[in-house]
Amino acid sequence: MSTVSDSLRAGPGFDLAALDPASTPGLPPRRRTRPDPKSWARAELAVLGTELARQQEMLFAGVKSDPADRRRVLLVLQAMDCGGKDGTIKNVAGTMNPQGLRIVGFGPPTAQERRHDFLWRIRRALPDAGHVGVLNRSHYEDVLVARVRELVPARVWRARYKEINIFEKELVEQGFALVKVMLHISYEEQRRRLQERLTDPAKYWKFNPDDVDNRAYWDDYQRAYADVIERCGTGHAPWHVVPADRKWYRNWAVAQLMLDAFQSLDLRYPPADFDVASERKRLEHDEPGRSIKVNGR
Ligand code: AMP
Ligand code: MG
């Protein structure tokens, strides 16, 4: 486990309000991040990305060669509006092979989704074994926006923490490595990012007037996030809170968390289930219309 993961894990007594969204926990000391931390982190992200792609391939290959292998990695991304979920997906998940990825975003539940319990749509969005899943928002919206905007009675959202913990325990038992990440931005940084979306016409499409309304509920959301982290940060599925005002730090930190999740699976390329030497020989001497038999094949 890397020191980055250790410093970002929200253990008992974690205080969200005390974490500076512009801080950079786990970043090596300045003399090691020369010329400057930003360029260092960007270069390091490229290195991490190459390794993430290799790990993802080993995960995929393992399940292909052994269908009993049910392992997979699931990144659960939560954040306030403009928190950087899309940028994280682009920069971190983007280092991996799209064929092995399943990325699903969640908005307000559709009419069909509302006919089921809140975990129904999440279960349907989970990655197959051997794949990497990303949830862009998740079941946690049902104890965040649902609570803050009073979409359901308090007794309903209160009961959900326990349901979530049971659900996630099941996932871990089925072979999921869960990476739960809250991207933590400041109120001021959210303002800047919303302003940017109103300044650049190419960003209008990202702007939603509701996001400005939601700012009035900032403190309520922070409290709801703090409760999520306290109640659903478990030994098998801990929460990580990534200070996200600095995009270069955020990308580097989430890549590091993903790498730790892969490494916890101790992945290897599967051994050949055929005789490598005789297959080589067959291939060397074959011709169209005539296949070579070696060792009876
Ligand atoms: P975005 O991530 O910008 O596409 O926005 C998605 C919106 O859907 C956010 O405002 C979320 O709060 C909202 N949303 C996601 N899940 C739920 C849910 N379970 N109930 C109500 N609103 C939700
Ligand atoms: Mg939005």
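Just so you know, ligand 1 is whichever comes first in the structure, and atom 1 is the first atom listed for that ligand. We use all heavy atoms of the structure for the numbers below, so side chains are in, but hydrogens, waters and symmetry mates are not.
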### Query
Taking atom types as modelled, is there a side-chain donor on Gln78 or Ser138 under 3.5 Å from an acceptor on the other?
yes

## Note on the structure
Checking Phe167, Phe118, Tyr161 against His139 for ring-ring contact (aromatic ring centres under 6.0 Å, His included), the one that qualifies is Phe167

### Task
Inspect the surroundings of CD in Glu230 and state if more than 12 heavy atoms from other residues, nucleotides or ligands are less than 6.0 Å away.
no

### Query
Nearest to atom 20 (N) of ligand 1 by heavy atom, Ser138, Pro109, Ala79: which?
Pro109

### Message
Is the positively charged end of Arg123 above the ring of Trp120, judged by distance under 6.0 angstrom from the centroid and angle within 45° of the axis?
### Response
no

### Message
List ligand 1 atoms under 4.0 Å from Asp142, heavy atoms only on the residue side.
### Response
19 (N)

#### Entry: Asp81 with Arg137: basic N within carboxylate O range, under 4.0 Å
yes

### Query
Looking just at side-chain N and O atoms, do Arg231 and Asn165 make a donor-acceptor pair shorter than 3.5 Å?
no

### Task
Mark up the atoms of ligand 1 that fall under 4.0 Å of a heavy atom belonging to Arg121, in ascending order.
16 (N), 17 (C), 18 (C), 19 (N)

### ligand 1-proximal atoms of Arg114, by part, heavy-atom distance under 4.0 Å
neither

### Task
Using a 4.0 Å heavy-atom threshold (strictly under), name the region of Leu151 that reaches ligand 1: side chain, backbone, both or neither.
side chain

### Task
Give the residue, atom name and distance (to 0.1 Å) of the protein heavy atom nearest atom 3 (O) of ligand 1.
Arg137 NH2, 3.9 Å

### Message
Could you identify the single nearest non-hydrogen protein atom to atom 22 (N) of ligand 1 and state the distance to 0.1 Å?
### Response
Val145 CG1, 3.5 Å

#### Entry: Protein heavy atom at shortest distance from atom 11 (C) of ligand 1
Glu141 OE1, 3.7 Å

### Task
Decide whether a cation-pi geometry holds between Arg121 and Phe106; the criteria are a distance under 6.0 Å from NZ or CZ to the six-membered ring centre and an angle within 45° of the ring axis.
no

### Summary
Of Cys82, Pro108, Ala146, the one whose closest heavy atom lies nearest atom 7 (C) of ligand 1 is Pro108

